[in-house]
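Heads up: the structure comes next, in structure tokens.
In what follows, chains carry the letters A, B, and so on, assigned in the order in which the sequence lines appear, proteins first and then strands, with residues in each chain numbered from 1.
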Amino acid sequence: MAGTTAGKTLAEKVWNAHVVRKGDGEGAAQQPDLLYIDLHLVHEVTSPQAFEGLRLAGRPLRRPDLTIATEDHNTPTLDIDKPIADPTSRTQIETLRTNCKEFGVRLHSLGDAEQGIVHVVGPQLGLTQPGLTVVCGDSHTSTHGAFGALAFGIGTSEVEHVMATQTLSLKPFKTMAINVEGTLRPGVTSKDIILAVIAKIGTGGGQGYVLEYRGSAIRDLSMEARMTICNMSIEAGARAGMVAPDETTFEYLKGRPHAPEGADWDAAVEYWQTLRTEDDAEFDAEVFLDADTLEPFVTWGTNPGQGVSLSGAVPSPEDFADENAKASAARALTYMDLKAGTPMKDIRVDTVFLGSCTNSRIEDLRIAADIIRGRSKDPNIRMMVVPGSARVRLEAEAEGLDQVFKDFGAEWRFAGCSMCLGMNPDQLAPGERCASTSNRNFEGRQGKGGRTHLVSPVVAAATAVRGTLSSPSDLDPVDEGQARRLSETSAA
Amino acid sequence: MTMEKFTTHTGIGVPLRQSNVDTDQIIPAVYLKRITRTGFEDALFSAWRKKDDFILNQEPFNRGSVLVAGSDFGTGSSREHAVWALKDYGFRVVLSSRFADIFRGNSGKQGLLAAQVAQDDIELIWKELENHPGTEITVDLNSKTVVCGTLTAPFEIDDYTRWRLLEGLDDIGLTLQHEEEITSYEATRPSWKPKTLPARS
């Protein structure tokens, strides 16, 4: 991180507050710092080998009271009251249950009101708070940075390390400011900001950095929208993304089950207010993005950096100067079965997936519901709506959103990671094309041979109406109330 | 757990002319349902291995142990299974001009050497391996060099990971030597910091 004479960045402040032991040496010989971990989130996929490692070494789990588990990656989104059909999925879930019981870890199982995607559950319980260090054996742990926490994904060996020691040995990250100034236009969301950022800096551009999202456009975002941005920091290669906490953050947290109360709340807020980058702090790198001119952004290729404005066209490999980028584009066009020059809005999709830790929170469902309310689904489209958590599903049902989706012809499912990575039965068939609010358009990610276009919930909903990649501006207005609701949600 | 020591390795180089090889390609999610730490050799690049022209389906590359990949290797998911699958197949070293952070960290924990080599040298190694299939690459962690045919190229790795690989050290054991410092730190944590237990909802 930047030199010691200047003021500190947000990331440096949080880092410094968690150093148990400073690494010896300097420069290349610098040993890692031993960093304390405030919150460890656990799910069924990356934990069984870690629990087994503890067991083999006869080590206890040091802080069960700073650990929480949920079932998400493997869980079915239909028939959740029946035994899981896939025996390997069932074994993995049962292994988590056995391990949590043995080591005293709190677990939210399928059917529990707090079950859901680990990155939706932590914030909704108020466990994710500013200034914490948060880790999970899942790369999208960067989501929690939206609260001003330093949150990052780890591998299974590190999961075991945290279980045994509540610390990690890490070298400080570099810092990069992502400055987004201006006001988003109607129909443009935080998903479009992050897709544009990744297209700009590339899938490796953030490598070694913590990104701090700053500027007026970020300040205007809701917590849900900030989580969407921080969630995809990893797709730019960054370990973590952060937003300085402010009134929006405090407002979101207040009254949540695990938020501090009374005098503790006051003490916490006083500390949280210090969690901002000092004016004279230096970032190791800076990127600028203009929110005023940003358009809905979608991907055309097979990595999240291969994106364009929705009003644009599929690029040609020849558009890229770098030989590797050319080859990568050519390969992606073949896999995606797309021709260079095709307008993005002419691309017809088969499936629309609204869900994942990127865009499955209540606000995402509200935005999509507002667009489809009173409209008809394209008859050839299959639309699947998967709330991020059982709590989000209940909340949506209380607001009647489930009925809006069902009336539209969408499938209303139970909570989990679902089609984002297809570990459960929710998968694309070979060649099937999907507009997905998830985070990765990798080859085969949503099912072998499946083709993914990453989009915002706004674009997902409009696409389900028209059948081709679309924004709400491509739709005939339903009525004036519809237009008003759209403009109200635009800043989200 | 104690890691296997790494000093030098010599084995057949495998040219993988592709950048942005994400961990979903290295091992698709369907294989992540297993609860073991070994036995993932069949999972490695499983989608690509279904195609006859994939490099690992060709002699002598199917016997390779040094993977030479394009930039941004190991992006995406944090799955350590990607490292397990590479190791189970027989790879001991991956060369690339840029690795994703989590993948590189996971490799270091498992004794798979992720050696960062300049892209120009990667291109030269690719040509050598393609012109002379079966060429062995020697990777020396002490001198931080890669030798392939007549080419000798330096590679980068951070000193701490290099030391741990050379010594085959147990990370958790190392950290627990500082347990008193962890306990002291815990005593200073503000009382309002969240606890998951007792559960509130």
Side-chain angles (χ1 to χ4, degrees), chain A residues 20-21 28-29 31-32 34 36 38-39 45-46 48-49 53 64-68 74 88-89 91-92 95 106 114 125 127 129 137-139 153-157 160-161 164-167 169 203-204 207-208 237 239 257-258 260 264 267-268 303 324 328 421-423 440 442-445 448, chain B residues 1 17-20 22-25 28-30 32-37 47 70-72 75-81 83-84 98-103 105-106 109-110 119 158-160 171-172 174-176 178-179 181-182 184-186 189-201:
Chain A
V20 170
R21 187 173 197 280
Q31 301 229 332
L34 193 61
Y36 199 79
D38 290 314
L39 182 63
V45 178
T46 54
Q49 297 87 354
D65 62 335
L66 303 182
T67 311
I68 186 169
N74 271 280
T88 50
S89 288
T91 300
Q92 199 165 57
T95 303
R106 171 178 173 187
E114 305 302 341
L125 283 171
L127 284 166
Q129 296 176 12
D138 190 286
S139 60
I154 56 179
T156 296
S157 293
E160 185 182 336
H161 192 279
T165 71
Q166 203 58 32
T167 64
S169 283
T203 54
Q207 201 238 316
R239 271 306 268 284
H258 284 275
D264 279 350
N303 74 55
N324 285 313
S328 174
L421 83 170
M423 276 190 81
R440 290 186 175 138
F442 298 153
E443 288 181 24
R445 167 89 175 176
K448 203 188 297 174
Chain B
M1 283 198 267
R17 271 192 188 267
Q18 203 170 319
S19 56
N20 272 294
D22 58 75
T23 54
D24 273 80
Q25 306 316 315
V30 66
L32 310 188
K33 298 179 187 184
R34 300 176 185 170
I35 57 173
T36 56
R37 211 184 264 258
S71 63
D72 295 307
T75 53
S77 158
S78 65
R79 57 190 71 166
E80 198 164 303
H81 310 65
V83 174
W84 303 338
R98 191 158 63 181
F99 291 96
D101 281 331
I102 302 179
F103 178 84
N106 289 342
K109 308 284 180 201
Q110 291 295 322
Q119 187 61 35
D158 76 273
D159 288 354
Y160 183 70
D171 260 355
I172 297 177
L174 280 177
T175 297
L176 287 176
H178 305 295
E179 193 173 2
E181 287 160 271
I182 298 173
S184 306
Y185 178 89
E186 283 175 328
R189 297 178 73 238
S191 59
W192 48 259
K193 286 233 180 177
K195 289 200 169 86
T196 58
L197 298 170
R200 295 193 241 158
S201 59

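A distance of 6.0 Å separates CZ in A:Arg440 from OG1 in B:Thr23, rounded to the nearest 0.5 Å. Note that the CG atom of A:Leu66 and the NZ atom of B:Lys195 stand 7.0 Å from one another [nearest 0.5 Å].
Heavy-atom distances place the side chain of A:Gln129, and not its backbone, under 4.5 Å from chain B. Proximity to chain A involves both the backbone and the side chain of B:Ala199, based on heavy atoms less than 4.5 angstrom apart. Both the backbone and the side chain of A:Asp38 come within contact range of chain B, with heavy atoms under 4.5 Å apart. With a threshold of 4.5 angstrom between heavy atoms, A:Asn324 approaches chain B through its backbone and through its side chain.
Panel note: side chain B:Arg200, backbone A:His258; no donor-acceptor pair is recorded below 3.5 Å. Remark: side-chain polar atoms of A:Gln207 are paired, donor with acceptor, to backbone N or O of B:Phe99 under 3.5 angstrom. Looking at A:Gln92, its side chain does come within 3.5 Å of a backbone N or O of B:Leu32 through a donor-acceptor pair. Using modelled atom types, one side-chain atom of B:Thr196 and one backbone atom of A:Asp65 make a donor-acceptor pair closer than 3.5 Å.
When all heavy atoms of A:Pro64 and B:Leu197 are compared, the closest pair comes out as O-CD1, 3.7 Å. Nearest approach of A:Ala164 to B:Leu176, heavy atoms of both residues: O-CD2, 4.1 Å.
There is no side-chain donor-acceptor pair under 3.5 Å between B:Ser78 and A:Asp138. If you check the side chains of A:Thr46 and B:Glu80, you find no donor sitting under 3.5 Å from an acceptor.
Counting heavy atoms from C-beta on, the side chains of B:Ile182 and A:Thr165 come closer than 4.5 Å. The closest side-chain heavy-atom distance from B:Tyr185 to A:Arg21 is not below 4.5 Å. Looking at A:Ser157 and B:Asn106, their side chains never come closer than 4.5 Å, going by heavy atoms from C-beta outward.
Ranked by non-hydrogen atom pairs under 4.5 Å with chain B, the options A:Ala268, A:Ser89, A:Pro48 are led by A:Ala268. In terms of non-hydrogen atom pairs under 4.5 Å with chain B, the most contact-rich of A:Leu34, A:Thr156, A:Thr91 is A:Thr156. Interface remark: of the candidates A:Thr95, A:Leu39, A:Thr67, A:Thr67 forms the most heavy-atom pairs closer than 4.5 Å to chain B. Highest contact tally toward chain B, considering only A:Leu127, A:Leu125, A:Ile68, is held by A:Leu127 [criterion: heavy-atom pairs under 4.5 Å]. Taking chain A as the reference chain and counting heavy-atom pairs below 4.5 Å, the highest number among B:His178, B:Arg34, B:Arg17 is found for B:His178.
Other residues, nucleotides and ligands place more than 12 heavy atoms under 6.0 Å from the NZ atom of B:Lys193.
We find that B:Lys109 and A:Glu160 are not joined by a salt bridge, their nearest charged nitrogen and carboxylate oxygen being 4.0 Å or further apart. Between B:Asp22 and A:Arg445 there is no salt bridge, since no side-chain nitrogen of the basic residue lies less than 4.0 Å from a carboxylate oxygen of the acidic one.
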So B:Ile102 and A:Arg239, side chain to side chain contact (heavy atoms under 4.5 Å, CB included) or not? Walk me through it.
-> CA-CA 8 Å; B:Ile102 302 179; A:Arg239 271 306 268 284; 3.4 Å; yes
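Contacts of B:Lys33 classified as salt bridge (Lys or Arg N to Asp or Glu O under 4.0 Å), with partners at least two apart in sequence or in another chain: A:Asp86. Take B:Glu186 and apply the salt bridge (Lys or Arg N to Asp or Glu O under 4.0 Å) test, not counting sequence neighbours, and it matches A:Arg62, A:Arg63.
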